[in-house]
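Notes to accompany the following structure.
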Amino acid sequence: MDENLAIGPSSAALALVVIGIAFLLTWRQRVESRRHRSVEDEADRRYFARQDRRRYRGVICLAVLGLGIGVGGNIDIRAGRSERIAFVVTWGAVFLLLLQVLLLAFVDLWSTRRYADRQRRRLAEERRITLEREVAELLERRRREGRSRADED
């Protein structure tokens with residue numbers, strides 16, 4: 001095996017990309033958080049507050065994950081026992097952080113689906129009430145028209 005094969009530069013580049021993505025997601029989440037401040041419904045406000053916490057936690061995990069990739073890729077496991085232990089611990093932490101990010105993504109997806117279902121039910125209820133009101137107005141109008149025709153005869 002070639003002794004000059006090093007993953008240090010590649011892992012550093014990957015770490016910078018992951019950390020950069022984390023910063024971009026942080027900026028995007030701040031923009032979204034400002035937009036949600038004007039929400040009046042209490043249930044929606046709670047949903048958006050939880051969403052913000054989840055997504056900020058995910059961004060922090062992503063940034064630490066990038067840091068772990070950068071550090072883990074630059075550990076020389078041939079240097080000694082303590083370096084091998086540091087390598088295993090670092091990449092174990094990277095793996096656990098990756099699982100955490102995936103878990104947060106699935107929870108966010110599930111929560112967003114529940115929110116969409118609640119909004120869909122609310123809109124359906126509003127539509128039902130509007131249709132019932134329109135039917136009642138139409139029946140009232142027909143009833144009045146029927147009376148006026150009967151009065152004319």
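Source: prediction; values computed, not measured.
A salt bridge between R120 and D117 is present, with a side-chain N of the basic residue lying under 4.0 Å from a carboxylate O of the acidic one. A salt bridge between E145 and R141 is absent, with no side-chain N of the basic residue lying under 4.0 Å from a carboxylate O of the acidic one. Between E125 and R128 there is a salt bridge, with a side-chain nitrogen of the basic residue lying less than 4.0 Å from a carboxylate oxygen of the acidic one.
Annotation: side chain of T112 is in contact with side chain of Y47 (closest heavy-atom distance under 4.5 Å). By the 4.5 Å heavy-atom criterion applied to side chains, I77 and R84 are counted as neighbours. Side chains of R35 and V31 form a contact here, defined as non-hydrogen atoms less than 4.5 Å apart. For the pair D108/R55, a side-chain contact is recorded, criterion being any heavy-atom separation below 4.5 Å from C-beta on.
Atom CD in Q119 sits 7.0 Å away from atom CG in D41 (nearest 0.5 Å). To the nearest 0.5 Å, atom CD of residue E42 and atom CG of residue D44 are 9.5 Å apart. Expressed to the nearest 0.5 Å, how far CG of L104 lies from CG of L109 amounts to 12.5 Å. We find the OH-CZ distance between Y115 and R46 to be 12.0 Å, quoted to the nearest 0.5 Å. With rounding to the nearest 0.5 angstrom, the CD1 atom of I129 is 7.0 Å from the CD atom of E132.
Under the 4.5 Å side-chain heavy-atom criterion for grouping Ile, Leu, Val, Met, Phe, Trp and Tyr, L14 is connected to I21 within one hydrophobic cluster. A chain of hydrophobic side-chain contacts below 4.5 Å, direct or via other Ile, Leu, Val, Met, Phe, Trp or Tyr residues, connects L25 to L98. Y56 and V64 fall into different hydrophobic clusters, where Ile, Leu, Val, Met, Phe, Trp and Tyr residues are linked whenever their side-chain heavy atoms come under 4.5 Å apart, directly or through other members. A single hydrophobic cluster is seen to contain both L97 and V17, as judged by linkage of ILVMFWY side chains at heavy-atom distances under 4.5 Å, directly or through other members.
Within 6.0 Å of atom CZ in R28, 12 or fewer heavy atoms from other residues, nucleotides or ligands are found, so the atom counts as exposed in its surroundings. Dense packing is recorded around CZ of R45, with more than 12 heavy atoms of other residues, nucleotides or ligands lying under 6.0 Å away. When the shell of 6.0 Å around CZ of R113 is examined, it contains 12 or fewer heavy atoms from other residues, nucleotides or ligands. Taking a 6.0 Å sphere around CZ of R81, one finds it holds 12 or fewer heavy atoms contributed by other residues, nucleotides or ligands.
Under the 3.5 Å distance criterion, the side-chain polar atoms of N74 are matched with a main-chain donor or acceptor of G70. Side chain of T90 to main chain of A86: a donor-acceptor pair is present (N/O by atom type, distance under 3.5 Å, no hydrogens or angles).
The heavy-atom pair separating E83 from I75 by the smallest distance is O-CG2, 3.3 Å. G66 and A15 get closest at one heavy-atom pair: O-CB, 3.0 Å. Of all non-hydrogen atoms in S11 and I69, the two that sit nearest each other are CB-O, 3.5 Å. Looking at every heavy atom in both residues, W91 comes nearest to G73 through CZ2-N, 3.6 Å.
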*Start with the C-alpha distance between R122 and E126, add both sets of side-chain angles, then the distance that settles side chain to side chain contact (heavy atoms under 4.5 Å, CB included), and finish with yes or no.*
CA-CA 6 Å; R122 194 192 84 214; E126 287 175 4; 3.3 Å; yes
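For the 3.5 Å distance criterion, the side chains of Q51 and R54 fail to qualify, holding no donor opposite an acceptor.
L65 pairs with exactly one of I19, V94, L96 by the side-chain contact (heavy atoms from CB on, under 4.5 Å) rule, that one being V94.
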